[in-house]
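Accompanying notes for the structure given below.
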Amino acid sequence: MQVQVQVLSSDSATDSWDVLLQGSKNTTMVSGLGDKAFYDNDGTLYALEDSRLLQVNGVDTQDQAVALATAVLPLL
């Protein structure tokens with residue numbers, strides 16, 4: 001298993017969020033994670049907090065992605 005966590009930290013994080021959300025066909029919004037978050041139901045979770053966009057993929061389930069993002073966000 002390979003897990004990947006990426007962070008985009010810039011003014012373009014919100015623009016990237018919008019593009020990613022619009023490009024995902026079957027999303028599930030995730031509450032309580034960052035300012036807003038969604039799981040794309042294809043293995044990737046995105047969480048936006050302030051000017052940071054966190055991407056988590058490589059885990060098996062949405063719950064695992066949320067758990068990893070919950071652990072990482074306070075460290076940023």
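Values below: all heavy atoms of this structure, side chains included; hydrogens, waters and symmetry mates excluded.
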Walk me through it: do Trp17 and Phe38 pass the test side-chain contact (heavy atoms from CB on, under 4.5 Å)?
CA-CA 10 Å; Trp17 165 272; Phe38 75 91; 3.3 Å; yes

What distance do Gln55 atom CD and Gln4 atom CD have between them, rounded to the nearest 0.5 Å?
6.0 Å

Should Val59 and Val30 be counted in the same cluster of Ile, Leu, Val, Met, Phe, Trp and Tyr side chains packed under 4.5 Å apart?
yes

Would you please test Leu45 and Leu54 for side-chain contact (heavy atoms from CB on, under 4.5 Å) and show each step?
CA-CA 8 Å; Leu45 175 106; Leu54 176 70; 5.5 Å; no

Would the distance check show the side chain of Asn41 and the main-chain N or O of Asn26 forming a donor-acceptor pair, the cut-off being under 3.5 Å?
yes

Counting C-beta onward and ignoring hydrogens, is there a side-chain heavy-atom pair between Val7 and Leu76 closer than 4.5 Å?
yes

For the side chain of Gln64 and the backbone of Thr61, is there at least one donor-acceptor N/O pair under 3.5 Å apart?
yes

Shortest non-hydrogen separation from Gly58 to Val3 and the atoms involved
O-CG2, 4.1 Å

Side-chain heavy atoms nearer than 4.5 Å, only ILVMFWY residues, links allowed to pass through others: does that put Leu21 and Leu33 together?
no

Which heavy atom in Ser51 sits nearest to a heavy atom in Ala13, and how many Å separate them?
O-CB, 3.5 Å

On a heavy-atom basis, the closest approach of Ser16 and Leu53 is CB-CD2, 3.8 Å

Would Leu48 end up clustered with Leu20 when hydrophobic side chains under 4.5 Å apart are linked, directly or stepwise?
yes

Tell me whether Asp15 contacts the main-chain N or O of Asp18 through its side chain, where contact means a donor paired with an acceptor under 3.5 Å.
no

Ignoring hydrogens and angles, tell me if any N or O in the side chain of Asp50 forms a donor-acceptor pair with the backbone of Arg52 under 3.5 Å.
no

So, the side chain of Thr44 versus the backbone of Asp40: is there a donor-acceptor pair under 3.5 Å, distance only?
no

